[in-house]
There are 2 protein chains.
Amino acid sequence: MADNQKCPDCKRINEVLSRVGDRWSVLVVISLAEHGTLRFNELKRHLGISQRMLSLTLRELERDGLVIRTYHPVIPPKVEYALSALGKSFREPVIALGLWAHDNLPNIDVSRERYDATKEKQKKTGSSL
Amino acid sequence: MADNQKCPDCKRINEVLSRVGDRWSVLVVISLAEHGTLRFNELKRHLGISQRMLSLTLRELERDGLVIRTYHPVIPPKVEYALSALGKSFREPVIALGLWAHDNLPNIDVSRERYDATKEKQKKTGSSL
DNA sequence: CCGTATCCGATGAGATACTG
DNA sequence: CAGTATCTCATCGGATACGG
């Protein structure tokens, strides 16, 4: 329910985030972008992700066409993951976000400290703003 | 546990997403970017968000210094929210993401259909890849 | 009007154990 | 090695009700 969305942009953004907006998806894409091709356990080690979440994430990314899964029928089994063209193109907006973060995370930290300090004082004085 | 993160980029991205990566935060920033200044219930209507989530989201955004909350002590109460300079700067990487989405969501849809269709066939034939 | 508090179901995510 | 299956706990997020 609640299709109260007036602005079309909100709907779009919502759609994006619903698909590729979760933490692990982004991290996997970044990892593959850097290393080119990785095996299941390599990704697992690099990201510090649980087996379960990696499995689920990779399946979704493959389904969405961002990563390509290549199964080599050898013993022991060998499966390689790489970015598709779509996956590579996704890297750019993510990098933009990363740059913004690099520039502004310190600002956020400062703001948080100030905010928390202010709230503490308000508790003491009991002031109602 | 699991500080297995080898690549520093992953840590950074993780930090970004932890702060401003949730759906509602992004949507609120977009809304404020478009309308300039909005009251609590205006935001609520525009986004189709629940009172609870809007309250939580706005508090976090204010704490992070992305939005500025202005309380007008009149009757009935009036509170206005607007983007800070930091909040405005955040809009740009988000727009980049929105553009990517606009261009590529159809591709994702196609990919999903193909994937699902393939999986269906595999179930019928019982093929193991 | 602007919130906070409470309850509750749905989802996210790690740990563990097991199969091919 | 590359997963799947459970179990379990935390967090997300809506609905509702109440207070300033």
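Chain letters run A, B, ... following the sequence lines, proteins first and then strands; every chain starts at 1.
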A:Phe40 CZ to C:dT19 P, in whole Å, measures 18 Å
5' precedence on DNA chain C between A:Gln51 and A:Asp22 (nearest-nucleotide basis): A:Asp22
How many whole angstroms separate atom CG of B:Leu58 from atom P of C:dC1? 16 Å
Kindly say if A:Tyr81 contacts the phosphate of D:dC1, meaning a side-chain N or O under 4.0 Å from OP1 or OP2. no
Check against side-chain contact (heavy atoms from CB on, under 4.5 Å), A:Leu97 and A:Val26: CA-CA 11 Å; A:Leu97 204 71; A:Val26 175; over 6 Å; no
With DNA chain D as reference, determine whether A:Ser55 or B:Arg23 sits nearer its 5' end, using the nearest nucleotide of each. A:Ser55
Candidates A:Asp64, A:Leu61, A:Val67, A:Leu56 - the one meeting side chain to side chain contact (heavy atoms under 4.5 Å, CB included) with A:Ser25: A:Leu61
Length of the line joining B:Lys78:NZ and C:dC2:C1', which is rounded to integer Å: 14 Å
Give a yes or no on whether a salt bridge exists between A:Arg39 and A:Glu42, defined as a side-chain N under 4.0 angstrom from a carboxylate O. no
Report the distance from atom CZ of A:Arg59 to atom P of C:dG12, rounded to the nearest whole Å. 13 Å
Would you mind reading off the distance between A:Ile75 atom CD1 and D:dG3 atom C1', rounded to a whole angstrom? 16 Å
Side-chain heavy atoms of B:Tyr81 within contact of B:Leu58, under 4.5 Å: yes
Look at B:Arg52 and C:dG3 and indicate whether a side-chain polar atom (N or O) is within less than 4.0 Å of OP1 or OP2. no
Given atom CG of A:Leu47 and atom P of C:dA13, what is their separation to the nearest angstrom? 13 Å
Options C:dC2, D:dC1, D:dG14, nucleotide nearest the side-chain atoms of B:Arg69: C:dC2
Here the distance between atom P of C:dC7 and atom CE of B:Met53, to the nearest Å, is 19 Å
Assess whether a salt bridge exists between B:Glu60 and B:Arg63, defined as any Lys/Arg side-chain N lying under 4.0 Å from an Asp/Glu carboxylate O. yes
Can you check the A:Lys44 NZ to C:dA13 P distance for me, whole Å? 16 Å
B:Arg39 or B:Leu56: which one's nearest nucleotide on DNA chain C is closer to the 5' end? B:Arg39
